[in-house]
Amino acid sequence: MKFLVINSGSSSIKYQVIEMETEAVLAAGLVERIGENSGLLKNTFCPGTSNEREYRVEQAIPDHQSGMLLVIELLTDRDKGIIRDASEIGAIGHRVVHGGEDFRGSMRITPEVIEALEKNIPLAPLHNPANLDGIRVAMKIFPSVPQVAVFDTAFHQTMPPHAFLYAIPYELYEKNRVRRYGFHGTSHRFVAGECARLLSKPLTACNLITVHLGNGCSMTAINNGISVDTSLGMTPVEGLVMGTRSGDVDPALHLFLKHNKGMDLETIDALLNKESGLKGLCGMNDMRDIHKAIAQGNERAALALAVQTYRNRKYIGAYMAVLGRVDAIVFTAGIGENDSIVRAESLKGLEYFGVCLDLEKNSAHSREARCISGENSKVRIYVIPTNEELAIAREAAAVVSA
Ligand code: AMP
């Protein structure tokens, strides 16, 4: 059985075809610059194997439907492709950013589900319409294939009200659903499951802090397998310092910027989402560039690293207090998996709380899930590669077989 996983953005479609028996990736690709003069499809068949083949198609891709059709054409190509026709696809899993309070788990897509997604557009005006575009196109191209929506927010729907409410007039929650939702749920749940396996414990018996540090960053406190708090809020801006997103700021900043810089709300929103975080502090948002700049004596780059890792440490401390007992801290995503300096700085000074890093294990390079804590560390520390596409495919499989 082969499953297709689709992550549809406003001008892009990321996809994978996964063979579910072996969980091998048969094809992975990205359609970019949809709606622009020149679009691009980059596809790799059998990535990471001796049979790896890459293909690029450059042409105008006016909309999501033509982008998806281009992908299907390549996947089913008689010479190059990996499937005979669309009937070989057993199910399609769609990443959906915001499920609001309507979805506590993944859902088979029905007209009612689409209606609920439309209702949630005000909560994610940039992401949900793009996700819906992908869903509508896939339903048109594959009318008889089951389609499943997997939500970034669903894992965090277990948060209790004292963790998800903002201390603002309660009517704003009652009438407008203003609250914290959290994101990256698919990734947090995936690495939590992998960590439970490594700890040889059922997930329902695990207390974990999962730290997703990529372009977007978030941290989750997991109590007996369920999310009880997470750092991203109503939108994916709250919490940790990210590549271009600020994380926590004083909400009165908006008024200050309006009065003192003449900015309107849209400009401030763009500033906090696209011009802040590491980029705002030092002009670079890729951690690899930041390390190179630090090595050349760039003090602002060092400051950006310090601000990010200090915020990480502060949240880890807060979540240790939330959980009481912590079995493991798990680092994942681009920075979390690859950057031993960020990991070490984020855990600095936590030895008193039973968090002891093994510096040698921490700096060893590997693509595998691994334990990097010292023998005597009360809290285990892991690096576990996230795999959101596989997680979405597994979710889709569970929904389809239920
Ligand atoms: P993600 O959003 O998970 O794809 O992570 C992307 C980010 O991970 C990039 O912007 C980099 O900042 C960071 N990253 C990727 N590889 C490395 C590496 N080897 N060392 C440090 N940071 C990395």
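Order of listing sets the numbers, starting from 1, for every ligand and every atom in it.
Remark: ligand 1 atoms within the under-4.0 Å shell around heavy atoms of Ala333 are 3 (O). Remark: ligand 1 atoms within the under-4.0 Å shell around heavy atoms of Gly214 are 1 (P), 2 (O), 3 (O), 5 (O).
Closest to atom 13 (C) of ligand 1, if we only count protein heavy atoms, is Ile335 CG1, 3.5 Å. Ranking the protein heavy atoms by distance from atom 15 (C) of ligand 1 puts Arg288 CZ, 3.5 Å first. For atom 11 (C) of ligand 1, the closest non-hydrogen atom on the protein side is Asp286 OD1, 3.4 Å. Taking atom 21 (C) of ligand 1 as the reference point, the nearest protein heavy-atom neighbour is Asp339 OD2, 3.6 Å. Residue, atom and distance of the protein heavy atom nearest to atom 19 (N) of ligand 1 are Asn338 CB, 3.3 Å. Closest protein heavy atom to atom 2 (O) of ligand 1: Asn215 N, 2.9 Å.
Any N or O atom pair closer than 3.5 Å counts here, and Gly334 shares at least one such pair with ligand 1. Geometrically, ligand 1 and His212 share no nitrogen or oxygen pair separated by less than 3.5 Å. Looking at ligand 1, you'll find an N or O of Met287 within less than 3.5 Å of one of its N or O atoms.
The closest side-chain donor-acceptor pair between Asp152 and Tyr181, if any, does not fall under 3.5 angstrom. Checked by atom type, the side-chain pair Ser366/Glu368 shows no donor-acceptor distance below 3.5 Å. Between Asp229 and Tyr315, the side chains place no donor N or O within less than 3.5 Å of an acceptor N or O (distance only, hydrogens not considered). Defined by atom type and a distance below 3.5 Å, a donor-acceptor pair is present between the side-chain atoms of Ser66 and Asp63.
Considering every non-hydrogen atom in both His98 and Ala124, the closest pair reads CB-CB, 3.6 Å.
Sequence neighbours left out, the pairs with a member in residues 203-223 that pass side chain to side chain donor-acceptor pair (under 3.5 Å) are His184-Ser218, Ser187-His212, His188-Thr210, His188-Ser218, His188-Thr220, Asn207-Asn223, Thr220-Thr230.
Residues Arg245 and Glu275 are not paired through a salt bridge, judged by the lack of any N-O separation under 4.0 Å between the basic side chain and the carboxylate.
Considering only residues two or more places apart in sequence or on other chains, Lys201 meets the salt bridge (charged side-chain N to carboxylate O under 4.0 Å, His left out) condition with Asp327.
In this structure, atom 4 (O) of ligand 1 has no protein heavy-atom contact shorter than 4.0 Å.
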